[in-house]
Enquirer: 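Submitted below is the structure of interest, expressed as structure tokens.
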2 protein chains.
Amino acid sequence: MKLIDSSTEHKILEAAKTEFLEFGLYGARMQNIANRAGINKALLHYYFRNKEKLFDKVFESALERYFSNMDIMSDDRLDFKERVHGLADRFLDFLNEYPQMALFLIKEVSANQILFIEKVDKNLRGNKTLLSALLDAQQKGVVSLENPMVFFVQLISMCTYPFVAKPLFTVIAERNETSWNSDSLTELRASIHSFIDHQLNLA
Amino acid sequence: MKLIDSSTEHKILEAAKTEFLEFGLYGARMQNIANRAGINKALLHYYFRNKEKLFDKVFESALERYFSNMDIMSDDRLDFKERVHGLADRFLDFLNEYPQMALFLIKEVSANQILFIEKVDKNLRGNKTLLSALLDAQQKGVVSLENPMVFFVQLISMCTYPFVAKPLFTVIAERNETSWNSDSLTELRASIHSFIDHQLNLA
DNA sequence: GTCTATAACTCGATAGAC
DNA sequence: GTCTATCGAGTTATAGAC
């Protein structure tokens, strides 16, 4: 693990991240990445050999950032329900900061499922994820859910899809003389917390 | 409105639909579409002039199919709550039949929001949509929601994202020795109906 | 390491025969 | 209407000078 990236390499990765997040693997242009980084195309190949390898690096770091939110599921200072609430908040904050991230990950995971499986294993070895924590808590009687997998899917869906489909929701809201903005997001967050409480208290 | 498409034109549209749904506007290849249709590239241009015009036709018919699910919001035989339940079922059935449709629409709407706005107006003139029906019902006191827009977003998210992110959920489920299959979908459906009941009965 | 110049290739589109 | 052949724009990738 290098502590300081060579400045050029770092600039390229930042530029590539911006470009790939916006346009995806096939839509992105090596020329644009070079321009953003303030260098020329040949250097991209000097540092990363080809487009796919460069993309891989970006994809990997995006996945890493995404899964780093799961840390909270192992936080000893919190009880189980607090962890679930905390994770929902983390996801919402994360996607609010990087709104393109959700669609990017979904698009590329769908396009290349095998690459994704490999990388997930790399990122998650040993760490608790939401689903494994839910199954665990269910088995130990900490919570009593109808179906942990369904709860998991619903929760992730409510946290993620609003960002994935933001353009669609914005248009539909405007057509109906209402809006989908940061205030709505605050209210969505509150409603998601109610949902969690309601589901986890069915015990 | 032609009753019988010339066979070639119809074959091209079917082939284009398959290709565009899988790869999107930029990922799709005219050569692949020609191969699927059993003809050659030149004929694609003879019938549809260029790639974008062909895509437009496919996109438009996908949108039309998607919004046709909204019919139920104007069904006089049902009361308001039945309509909402019915619409959720329709969406789940629709996406179960065309699982790639959700991601396709999202990708292309995000990539070309303006085209989408035009086409939405074309598809929706006069018809009730879920959101407009919710706002209406709220105003008339038929239901009493905390925030109709938030409920709308949550409901659509729970119905749609499980299909958008199916590859992701499948992988994560397998990692945890459980599964995400058609049985899970039945249980998801039940849970969504509970959610609707719970939200609409807060009055 | 960084640059310029260009090779090699992909792909949408068109010309023109049948 | 349908085909073969080919053009030309746009892109990734490489050769080679500095």
Side-chain angles (χ1 to χ4, degrees), chain A residues 1-62 100 104 107-108 110-112 114-115, chain B residues 1-62 104 107-108 111-112 114-115:
Chain A
M1 181 81 79
K2 276 177 278 179
L3 287 181
I4 297 171
D5 284 320
S6 94
S7 166
T8 305
E9 189 168 334
H10 185 254
K11 273 192 297 183
I12 292 175
L13 282 171
E14 280 303 303
K17 185 172 151 188
T18 312
E19 178 80 5
F20 282 130
L21 274 175
E22 186 163 356
F23 300 109
L25 172 54
Y26 294 111
R29 293 290 165 253
M30 295 296 267
Q31 183 63 61
N32 288 347
I33 296 174
N35 293 346
R36 284 184 206 270
I39 54 152
N40 69 328
K41 273 193 299 180
L43 265 195
L44 298 180
H45 292 88
Y46 175 77
Y47 278 95
F48 295 93
R49 194 171 177 86
N50 61 36
K51 189 181 181 181
E52 279 205 11
K53 285 197 179 10
L54 177 55
F55 177 81
D56 252 34
K57 284 269 189 292
V58 171
F59 183 63
E60 199 159 350
S61 89
Q100 319 117 302
F104 171 75
K107 279 202 286 199
E108 306 305 335
S110 304
N112 198 341
I114 293 166
L115 177 67
Chain B
M1 184 78 81
K2 276 177 276 179
L3 287 181
I4 297 169
D5 284 321
S6 94
S7 166
T8 304
E9 189 169 332
H10 185 254
K11 273 192 297 184
I12 292 175
L13 282 171
E14 280 304 303
K17 186 173 151 188
T18 312
E19 178 81 5
F20 282 129
L21 274 175
E22 185 162 356
F23 300 109
L25 172 54
Y26 294 110
R29 294 291 164 254
M30 295 296 267
Q31 183 63 61
N32 288 347
I33 297 174
N35 293 346
R36 283 184 206 270
I39 54 150
N40 68 329
K41 269 196 300 180
L43 264 196
L44 298 180
H45 292 88
Y46 175 77
Y47 278 96
F48 295 93
R49 193 172 179 87
N50 62 36
K51 189 181 183 182
E52 279 204 10
K53 285 198 182 4
L54 177 54
F55 176 81
D56 253 34
K57 284 269 190 292
V58 171
F59 183 63
E60 199 159 348
S61 88
F104 171 75
K107 280 203 287 199
E108 305 304 334
N112 197 341
I114 293 166
L115 177 66

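Below, all heavy atoms of this structure are taken into account, side chains as well, without hydrogens, waters or symmetry copies. It should be emphasised that the depicted structure is a prediction, and the values quoted were computed from it without experimental measurement. In what follows, chains are A, B, ... by sequence order, proteins preceding strands, each numbered from 1.
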Enquirer: Between dT2(D) and Thr8(B), is there an OP1 or OP2 to side-chain N/O distance shorter than 4.0 Å?
Expert: yes

Enquirer: Could you tell me which non-hydrogen atom of Glu108(A) sits nearest to which non-hydrogen atom of Gly24(A), and how far apart they are?
Expert: OE2-CA, 3.4 Å

Enquirer: Taking for each residue the nucleotide of DNA chain D bearing the nearest heavy atom, is the 5' side occupied by Lys41(B) or by Gly38(B)?
Expert: Gly38(B)

Enquirer: Nearest to the side chain of Ala42(A) - dG12(C), dA15(D), dG1(C)?
Expert: dA15(D)

Enquirer: Please report the distance, rounded to the nearest Å, between CZ in Phe48(B) and P in dA13(C).
Expert: 14 Å

Enquirer: Answer with base, sugar-phosphate or nothing: what part of the nucleic acid does Ala34(B) contact at a heavy-atom distance below 4.0 Å?
Expert: nothing

Enquirer: Nearest to the side chain of Asn50(B) - dG1(D), dA13(C), dT2(C)?
Expert: dA13(C)

Enquirer: Between Tyr47(A) and dT2(C), is there a side-chain N or O to OP1/OP2 distance below 4.0 Å?
Expert: yes

Enquirer: Report the distance from atom CG of Asn40(B) to atom P of dC11(C), rounded to the nearest whole Å.
Expert: 17 Å

Enquirer: Could you report the tightest heavy-atom contact between Leu43(B) and Thr8(B), atom names first, then the distance?
Expert: CD1-CG2, 4.2 Å

Enquirer: Expressed in angstrom and rounded to an integer, what is the separation of Leu44(B) atom CG from dT4(D) atom P?
Expert: 13 Å

Enquirer: Nearest-Å distance, CG (Leu43(A)) to P (dT4(C))?
Expert: 10 Å

Enquirer: Report yes if the distance between the aromatic ring centroids of Phe20(A) and Phe55(A) is under 6.0 Å, otherwise no.
Expert: yes

Enquirer: Expressed as a whole number of angstroms, how long is the span from Met30(B):CE to dT10(C):P?
Expert: 18 Å

Enquirer: How many whole angstroms separate atom CD1 of Ile39(B) from atom C1' of dC3(D)?
Expert: 11 Å

Enquirer: Please report the shortest heavy-atom distance between Asn32(A) and Glu19(A), naming the atom on each side.
Expert: ND2-OE2, 3.1 Å

Enquirer: Please report the distance, rounded to the nearest Å, between CZ in Arg29(B) and C1' in dG10(D).
Expert: 12 Å

Enquirer: What is the separation between atom CD on Gln31(B) and atom C1' on dC11(C), rounded to the nearest whole Å?
Expert: 9 Å

Enquirer: Can you see if the side chain of His45(B) gets near the phosphate of dA13(C) - specifically, an N or O under 4.0 Å from OP1 or OP2?
Expert: yes

Enquirer: Evaluate the criterion side-chain contact (heavy atoms from CB on, under 4.5 Å) for residue pair Leu54(B) and Ile12(B); output intermediate values, then yes/no.
Expert: CA-CA 9 Å; Leu54(B) 177 54; Ile12(B) 292 175; 4.2 Å; yes

